[in-house]
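Throughout, numbering of the chain's residues begins at 1 and tracks the sequence. Counting starts at 1 for both ligands and their atoms, following the listed order. We use all heavy atoms of the structure for the numbers below, so side chains are in, but hydrogens, waters and symmetry mates are not. Remember, predicted model here, so these are calculated numbers, not experimental data.
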Amino acid sequence: MRKPIIIGNWKMHKTTDETIDFLKQVDNVCHDLKLEAGIAVPFVNLAVAKQHAHHLIIAAQNCHYEDFGAFTGEISVEMLQTLKITHVIIGHSERREMFNETNETVNLKAKKILAKGMVPIICCGETLQQYENNETQQIVETQIEKALQGIDFEDAKTIVIAYEPIWAIGTGKTATAEIAQNVCAIIRAKIANLYDEVVANMIRIQYGGSVKPENIQELLAQPDIDGALVGGASLEPKTFLGLLK
Ligand code: PGA
């Protein structure tokens, strides 16, 4: 059985004080969860979030694929590791669209994260136009194939994939559970094709895009959806806890 994993993606939200305040309200009520849960906070708040999180995963929202060097403004995986960060979101559509993230850099980042024994949360998903042109399968399969290139079977099993149709992010338009399930099944079949059934059955696939307490249950009831990557609804303690319930 795959353990569900729900991660709040805070994007560029919350100051240090707001982060501490959230964790004081949320972390201690998360002690006997039957799933993995966490929040991905901005870099500057990772260290303080780690200090206040005893049950929640604290994840980063990006990293660089080089160990060190002249990369102004960037953060290496080793820097995250020394903060005891275990999970890193990579390839989010906002980073692909606004910050030149490509399938190739996602692959380099995934390998670096895995080499440090950490978990990459690899995002994929199609634009509205691609969706309307019936290109979802081809786009998502290509993103997955390129992201996983050169990653061995053992490492592949530990990866988390987040399917996030871009037309559903922050728009209030959730993909129906049926659409989300279909694409997540396509992703799992692609992984079986790239690796084998064992790896495909172990990899966890999250759905992301306007997930809320009202729709999460139906989404997570789908056989190939093992969790959620949640933006807007993860910012308020009450709604975040509503998602975990
Ligand atoms: P949303 O964002 O839940 O606000 O749609 C999801 C995401 O971008 O990960």
Exercise. Tell me yes or no: between the side chains of Asn103 and Gln143, is some donor less than 3.5 Å from an acceptor?
Key: no
Quiz prompt | Heavy-atom neighbours of Glu104 CD exceed 12 at 6.0 Å | solution = yes
Quiz item: Nearest protein heavy-atom contact for atom 3 (O) of ligand 1: which residue, which atom, what distance?
Solution: Gly231 N, 2.8 Å
Quiz item: For ligand 1, is any non-hydrogen atom under 4.0 Å from Asn9's backbone (N, CA, C, O), its side chain (CB onward), both, or neither?
Solution: side chain
Quiz item: Using heavy atoms and a threshold below 4.0 Å, how should the contact between Ala168 and ligand 1 be classified: side chain, backbone, both, or neither?
Solution: backbone
Quiz item: Is the backbone N or O of Glu145 less than 3.5 Å from a side-chain atom of Gln149, with the two atoms forming a donor-acceptor pair by type?
Solution: no
Quiz prompt | Minimum-distance protein heavy atom relative to atom 4 (O) of ligand 1 | solution = Gly232 N, 2.9 Å
Practice problem: Run the numbers for me: atoms of ligand 1, each under 4.0 Å from some heavy atom of Ser210, listed by number. | Solution: 1 (P), 3 (O), 5 (O)
Self-check item: Main-chain N/O of Val160 paired with Arg204 side-chain donor or acceptor, under 3.5 Å
Solution: no
Quiz item: Side chains of Gln129 and Trp167: donor-acceptor distance under 3.5 Å anywhere?
Solution: no
Quiz item: Counting from 1, what ligand 1 atoms have a heavy atom of Gly170 closer than 4.0 Å?
Solution: 1 (P), 4 (O), 5 (O)
Quiz item: What atoms of ligand 1 come within less than 4.0 Å of a heavy atom belonging to His92?
Solution: 7 (C), 8 (O), 9 (O)
Quiz item: With atoms numbered from 1 as shown, which atoms in ligand 1 lie under 4.0 angstrom from a non-hydrogen atom of Gly209?
Solution: 5 (O)
Quiz item: Have Glu101 and His92 got a donor and an acceptor in their side chains that come within less than 3.5 Å?
Solution: no
Practice problem: List the closest protein heavy-atom neighbour of atom 9 (O) of ligand 1: residue, atom name, distance to the nearest 0.1 Å. | Solution: Glu164 OE2, 2.6 Å
Practice problem: Spell out, yes or no, whether Ile121 and Ile90 are grouped together once hydrophobic residues are joined by side-chain heavy atoms under 4.5 Å, including indirect joins. | Solution: no
